[in-house]
Amino acid sequence: MPPSVGSSRTTTASSTGTETYLHHKPPHNHHHRHHISLSSSLPASTSATVATVSSVLASGKGHLLVNSSTRSFVQVRLPHDRTELQLVDVWATLIPARVATSVVSHLKQELPNDPHSLLHLRRLVKEVEVNQQDSVRKASDQGFLHLLICSIDAVPSEGEIRRMLLPMTELPAANINDNRLFVPVIRKAPKYPALTKQQSKEWSDGTWPIMWRGNPHAIISELPSEDEVLYKKHIEKLLELTEKAHNEGEMPMATLILDPATYEIVASAVDTRNSSNNPLAHSTMTCIAKVAEKELRRRQKEAAMLDATKEPPPQAYLCHNLHLITTHEPCAMCSMAMVHSRISRLVYIKNMPLSGGIDRSSGAGYGIHWNKQLNWRFETWKWEGQNILLYDIDEAINA
């Protein structure tokens with residue numbers, strides 16, 4: 001059964017100066033009055049991007065354009081986010097590239113659990129410059145690789161590291177006359193993952209290189225004003241969808257997926273768990289599924305037109321670098337679906353304290369959008385402008 005929500009909702013508009021406010025009159029069982037700040041016109045701008053946004057907004061169904069000068073979104077970050085480089089001492093050595101697989105496999109069996117998570121660091125590096133006693137040395141032979149072994153806190157003894165490496169020196173492919181091979185040396189490495197791709201490059205300069213595993217776009221600290229305009233406009237669309245869903249007996253939650261390159265809506269969906277009797281039919285899951293259906297049709301059409309003598313093009317992730325806007329903080333399932341489909345940015349209106357998978361204070365505190373154990377990260381922005389009416393939904397519901 002759907003959660004208890006009001007049976008009706010009305011919308012009125014009133015103006016004060018240059019600002020226009022939409023007042024959504026809540027049903028009697030609501031305890032708060034919510035509204036969203038809007039404007040009747042866009043500020044003048046010669047920016048081609050803003051002009052494109054303006055044309056998109058003008059062609060939409062919405063009856064008001066949004067004031068782009070008001071900052072209404074805040075970035076959702078995790079408590080462990082760090083902006084300063086912190087270093088940890090690690091053991092490393094130079095090995096022949098031909099025995100790399102054997103050496104890594106052997107060390108996995110020998111090494112104890114490391115107190116430091118080194119998953120953000122590259123295990124094998126070729127042609128890397130590393131600092132050693134105030135000088136810079138470089139492996140010039142393409143047949144050599146630098147190997148990260150473990151942190152010094154995991155194995156403090158150099159003699160123990162040498163003992164672990166000794167069997168590898170007897171491999172036939174390792175019989176090379178070079179006194180640098182299999183000699184453990186101490187290197188400095190970034191202790192924590194970088195927050196951005198640019199930061200990973202900066203931190204790797206002079207230390208052990210970081211493996212950038214996040215969104216290829218640097219995480220920005222403030223939304224561009226044209227994006228604020230666009231997202232505020234699409235919030236109007238979300239409100240229309242939740243109204244329609246409520247009137248049809250569905251839970252009033254809605255999602256849009258946008259192509260940031262064209263500002264077009266790629267797919268939209270509402271929660272259909274009530275009508276479908278499917279507990280997985282969350283609005284975010286359904287919206288991603290719609291993108292998948294479109295992509296499947298495109299690929300089938302492309303395959304039918306492809307010359308049989310040519311190789312098929314590589315298939316990208318379903319939602320690679322698309323933006324997802326939704327009414328409620330996604331649950332862990334929907335958040336993981338965004339990771340797997342490679343969404344690059346999430347925007348949502350309301351936190352779900354008991355079931356959300358994003359905010360560190362929500363649900364089990366997974367912080368899935370920025371979890372260092374996952375192989376993809378995406379920006380997340382939460383609405384913090386004037387209150388927007390959303391129907392009352394039990395905070396324990398998985399959105």
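The analysis underlying the following values was restricted to heavy atoms, covering all of them including side chains, and did not include hydrogens, waters or symmetry mates. One is the number of the first residue; the rest follow in order along the sequence. Values in this document were obtained by computation on a predicted structure and should not be read as measured data.
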Contacts of Ala267 that satisfy side-chain contact (heavy atoms from CB on, under 4.5 Å) - sequence neighbours left out: Cys287, Lys290, Val291
Specify the closest pair of heavy atoms between Leu111 and Met164, including all atoms of both residues, with the distance to one decimal. CD2-SD, 3.6 Å
Does the Asp359 side chain pair with the main chain of Ser361, one donor and one acceptor, at a distance under 3.5 Å? yes
Pairwise side-chain contact, Glu228 with Ser72, heavy-atom cut-off 4.5 Å (strictly under): yes
Begin from the C-alpha positions of Phe73 and Asp227 and carry the test side-chain contact (heavy atoms from CB on, under 4.5 Å) through to its verdict. CA-CA 10 Å; Phe73 297 92; Asp227 287 358; over 6 Å; no
Rounding to 0.5 Å, atoms CD1 (Ile368) and SG (Cys331) come to a distance of 8.0 Å
Under the salt bridge (charged side-chain N to carboxylate O under 4.0 Å, His left out) rule, collect the residues that match up with Glu293, sequence neighbours excluded. none
Let me see the working for Thr93 and Val185 under side-chain contact (heavy atoms from CB on, under 4.5 Å), right down to the final yes or no. CA-CA 6 Å; Thr93 191; Val185 293; 5.8 Å; no
Side chains of Pro156 and Trp91: does their closest heavy-atom pair fall under 4.5 Å? no
If you apply the rule side chain to side chain donor-acceptor pair (under 3.5 Å), what do you find for Glu329 with Ser362, and how did you get there? CA-CA 9 Å; Glu329 178 187 2; Ser362 297; 2.8 Å; yes
What closest approach, in Å, do Ala189 and Leu121 show between heavy atoms, and which atom pair accounts for it? CB-CD1, 3.7 Å
Just by distance, do the side chain of Ser355 and the backbone of Ile397 share a donor-acceptor pair under 3.5 Å? yes
Between Leu94 and Val183, does a side-chain contact (heavy atoms from CB on, under 4.5 Å) hold up when you go through it step by step? CA-CA 7 Å; Leu94 191 68; Val183 176; over 6 Å; no
Does the Gln75 side chain pair with the main chain of Thr380, one donor and one acceptor, at a distance under 3.5 Å? no
By side chain to side chain donor-acceptor pair (under 3.5 Å), Asp153 pairs with (sequence neighbours left out) His116
Quick one, Val74 and Trp381 - any side-chain contact, counting heavy atoms below 4.5 Å? no
To check you understand the geometry: which heavy-atom pair defines the closest contact between His369 and Val76, and what is its length? NE2-O, 2.9 Å
List the steps and the verdict of side chain to side chain donor-acceptor pair (under 3.5 Å) for Glu379 and Ser344. CA-CA 6 Å; Glu379 297 173 38; Ser344 68; over 6 Å; no
Side chain proximity check, Glu158 to Pro184, heavy atoms < 4.5 angstrom: yes
Exam field: side chain Asn247 to backbone Glu243, donor-acceptor pair closer than 3.5 Å: yes
Less than 4.5 Å apart, side chain to side chain, heavy atoms only: is that true for Val339 and Phe378? yes
Taking 4.0 angstrom as the limit, do Glu240 and Lys244 come out as a salt bridge? no
Remaining members of hydrophobic cluster (4.5 Å side-chain criterion), Leu280: Met285, Met333
For the CG atom of Leu239 and the CG atom of Leu241, what is their distance to the nearest 0.5 Å? 9.0 Å
Measure the spacing between CD1 of Ile388 and CD1 of Ile349 and express it to the nearest 0.5 Å. 4.5 Å
Leu354: which residues meet the side-chain contact (heavy atoms from CB on, under 4.5 Å) condition with it, sequence neighbours left out? Glu395, Ala396
Stacked cation flag Arg187 on Trp208, 6.0 angstrom / 45 deg: no
Those residues at least two apart in sequence (or on a different chain) that pass side chain to side chain donor-acceptor pair (under 3.5 Å) with Lys201 are none
Does Arg377 offer a backbone N or O that forms a donor-acceptor pair with the side chain of Trp370 under 3.5 Å? no
Under a 3.5 Å distance rule, please check whether Thr242 uses its side chain to pair with a backbone N or O of Ala254 as donor and acceptor. no
Hey, is the main chain of Ser275 close enough, under 3.5 Å, to the side chain of Thr272 for a donor-acceptor pair? no
Can you tell me if Glu226 and Tyr263 form a side-chain donor-acceptor pair at under 3.5 Å? no
Set of side-chain contact (heavy atoms from CB on, under 4.5 Å) partners for His106, sequence neighbours left out: Glu110, Pro167, Met168
Partner set under salt bridge (charged side-chain N to carboxylate O under 4.0 Å, His left out) for Lys294, not counting sequence neighbours: none
Taking side chain to side chain donor-acceptor pair (under 3.5 Å) as the test, write out the residues that go with Thr286, two or more places apart. none
Under the 3.5 angstrom rule, does the side chain of Arg360 hit a backbone N or O of Gly365 as a donor-acceptor pair? yes
Within a strict 4.5 Å, meaning less than it, do heavy atoms of the Pro330 and Ile358 side chains meet? yes
Got a second to check how far Thr207's OG1 is from Leu85's CG, nearest 0.5 Å? 6.0 Å
Could you check if a side-chain atom of Val88 sits within less than 4.5 angstrom of a side-chain atom of Val90, using non-hydrogen atoms only? yes
Checking Trp383 against Tyr348 for the ring pair (Phe, Tyr, Trp, His ring centres under 6.0 Å) test, could you report, in this order, the C-alpha distance in whole Å, the side-chain angles of both residues, the deciding distance, and whether it holds? CA-CA 6 Å; Trp383 174 265; Tyr348 69 90; over 10 Å; no
Separation between CG of Leu230 and OG of Ser225, rounded to the nearest 0.5 Å: 11.5 Å
What is the minimum heavy-atom distance between Lys126 and Leu145, and which atoms define it? CB-CD2, 3.3 Å
Asp114 side-chain N/O to Ser151 backbone N/O, donor-acceptor pair under 3.5 Å: yes
Qualifying residues under salt bridge (charged side-chain N to carboxylate O under 4.0 Å, His left out), relative to Arg273, sequence neighbours excluded: Asp271
Please report the C-alpha distance between Val347 and His323 in whole Å, then the side-chain angles of each, then the deciding distance to 0.1 Å, and finally whether the side-chain contact (heavy atoms from CB on, under 4.5 Å) criterion is met. CA-CA 8 Å; Val347 178; His323 294 181; over 6 Å; no
Heavy-atom closest pair, residues His120 and Ile210: O-CG2, 3.3 Å
So, do Leu256 and Lys237 sit near enough that their side-chain heavy atoms are less than 4.5 Å apart? yes
In Å, rounded to the nearest 0.5 Å, how long is the span from CD1 of Ile288 to SG of Cys334? 7.0 Å
Got a donor-acceptor contact below 3.5 angstrom from the Asn371 side chain to the Tyr366 backbone? yes
Under the side chain to side chain donor-acceptor pair (under 3.5 Å) test, which residues partner Lys188, sequence neighbours left out? Asp89
Looking only at heavy atoms, which two atoms of Pro252 and His328 are closest? And how far apart? O-CE1, 3.7 Å
Quick one: list whatever passes salt bridge (charged side-chain N to carboxylate O under 4.0 Å, His left out) with Asp178, sequence neighbours left out. Arg180
